[in-house]
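The structure appears right after this line, and notes come after that.
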Amino acid sequence: MRSSGDSAVGGALGRGLGEGGPYPLPENEVDQPADTVGYRGPTACAAAGITYRQLDYWARTGLVEPSVRPAYGSGTQRLYSFRDVVVLKIVKRFLDTGVALQNIRAAVQHLRTRGYADLERMTLMSDGATVYECSSPDDVVDLLQGGQGIFGIAVGVVWRDVETALSELHGERVDTGETLIGHNPADELARRRQNRAV
């Protein structure tokens, strides 16, 4: 992944992520406090648009691991943070457009080093071979002037899509394990279950 703000290469963006990262966070970056809500595997899959098999494989190979709670063995449930689910959806979009898994791994590694606020403002672009981070309109223009076919993922849009999806699904409080019911008015069965539990 190439990141803007590094040394210029061919009039486009800076050096690739696999070429010397990780990149430090800005000193004034204030990260989001620890997650208070986690999402189990099936919920993360539904919000990210992936299969459970993909989720399991990506967790076992270290591509996207659950940051709230990993699986410790048979019977334990992984818990993914909101940010993890955003990254899962980004990975899915890159795979759908044919970006090589090796390049996606470099992009995910870079995303792990970014602050919470940075992630929402970021645009990721790819020519199919390399993933670029663009944090300003000038970065996008520089990349497009190369004359190659390029597609982009506005992470802020993915962020909002995941927010909407998760608002209709169930989460789990990290501290108490309490199930949080989404705001889906069609989910009568979940409401009944919650009423019985109270």
When you compare the side chain of R173 with that of L180, does any pair of heavy atoms fall below 4.5 Å? yes
Original post:
Honestly curious: do V174 and L169 fall in one hydrophobic cluster under the side-chain, below-4.5 Å linking rule?
Top reply: no
Checklist entry - Same hydrophobic cluster for L63 and V68, using side-chain heavy-atom links shorter than 4.5 Å among ILVMFWY? => result no
Q: Would you check, one step at a time, whether the test side chain to side chain donor-acceptor pair (under 3.5 Å) holds for R105 with T61?
A: CA-CA 10 Å; R105 283 189 187 281; T61 60; 3.2 Å; yes
Margin query: Under a 4.0 Å threshold between the charged nitrogen and the carboxylate oxygen, would K89 count as salt-bridged to D84?
Written below: no
To the nearest 0.5 Å, atom CZ of F94 lies from atom CG of L101 at 12.0 Å
Verify same cluster id: V157, V99 (apolar side-chain graph, 4.5 Å):
no
Heavy-atom donor-acceptor pair, Q54 side chain to T51 backbone, under 3.5 Å:
yes
Rounded to the nearest 0.5 Å, the CE atom of M125 sits from the CD1 atom of I153 at a distance of 10.0 Å
Walk me through whether L79 and R40 qualify under side-chain contact (heavy atoms from CB on, under 4.5 Å).
CA-CA 5 Å; L79 275 185; R40 292 184 179 205; 3.8 Å; yes
Exercise for review: State, yes or no, whether a side-chain contact exists between R93 and T97 at a heavy-atom distance under 4.5 Å.
Suggested key: no
- Tell me, with the steps shown, if S67 and Y80 meet side-chain contact (heavy atoms from CB on, under 4.5 Å). CA-CA 6 Å; S67 63; Y80 289 84; over 6 Å; no
For G177 and E172, the nearest pair of non-hydrogen atoms, with its separation, is O-CG, 3.6 Å
Closest non-hydrogen contact found for A154 with T123 is CA-OG1, 4.2 Å
dist C134:SG -> L144:CG (nearest 0.5 Å) comes out at 8.0 Å
On a heavy-atom basis, the closest approach of L124 and E133 is CD2-CA, 4.2 Å
Residues S81 and Y39: closest non-hydrogen pair is C-CD1, 4.2 Å
Scanning both residues in full, the closest heavy-atom pair of V85 with A48 reads O-CB, 4.2 Å
(request) Would you check, one step at a time, whether the test side-chain contact (heavy atoms from CB on, under 4.5 Å) holds for Q77 with R69? (result) CA-CA 8 Å; Q77 292 280 328; R69 183 176 65 212; 3.8 Å; yes
Here the pair of heavy atoms bringing A59 nearest to E65 is O-CG, 3.7 Å
TODO: I would like to know whether W58 and I50 meet side-chain contact (heavy atoms from CB on, under 4.5 Å); could you show each step before the answer?
DONE: CA-CA 11 Å; W58 296 347; I50 61 173; 3.7 Å; yes
Any chance OH of Y57 has more than 12 other-residue heavy atoms, nucleotides or ligands included, within less than 6.0 Å?
-> no
Between T164 and R160, is there a donor-acceptor pair closer than 3.5 Å when you use the side chain of the first and the backbone of the second?
yes
Exactly one candidate in I90, L95, L88, D96 meets side-chain contact (heavy atoms from CB on, under 4.5 Å) with K92; the answer is D96
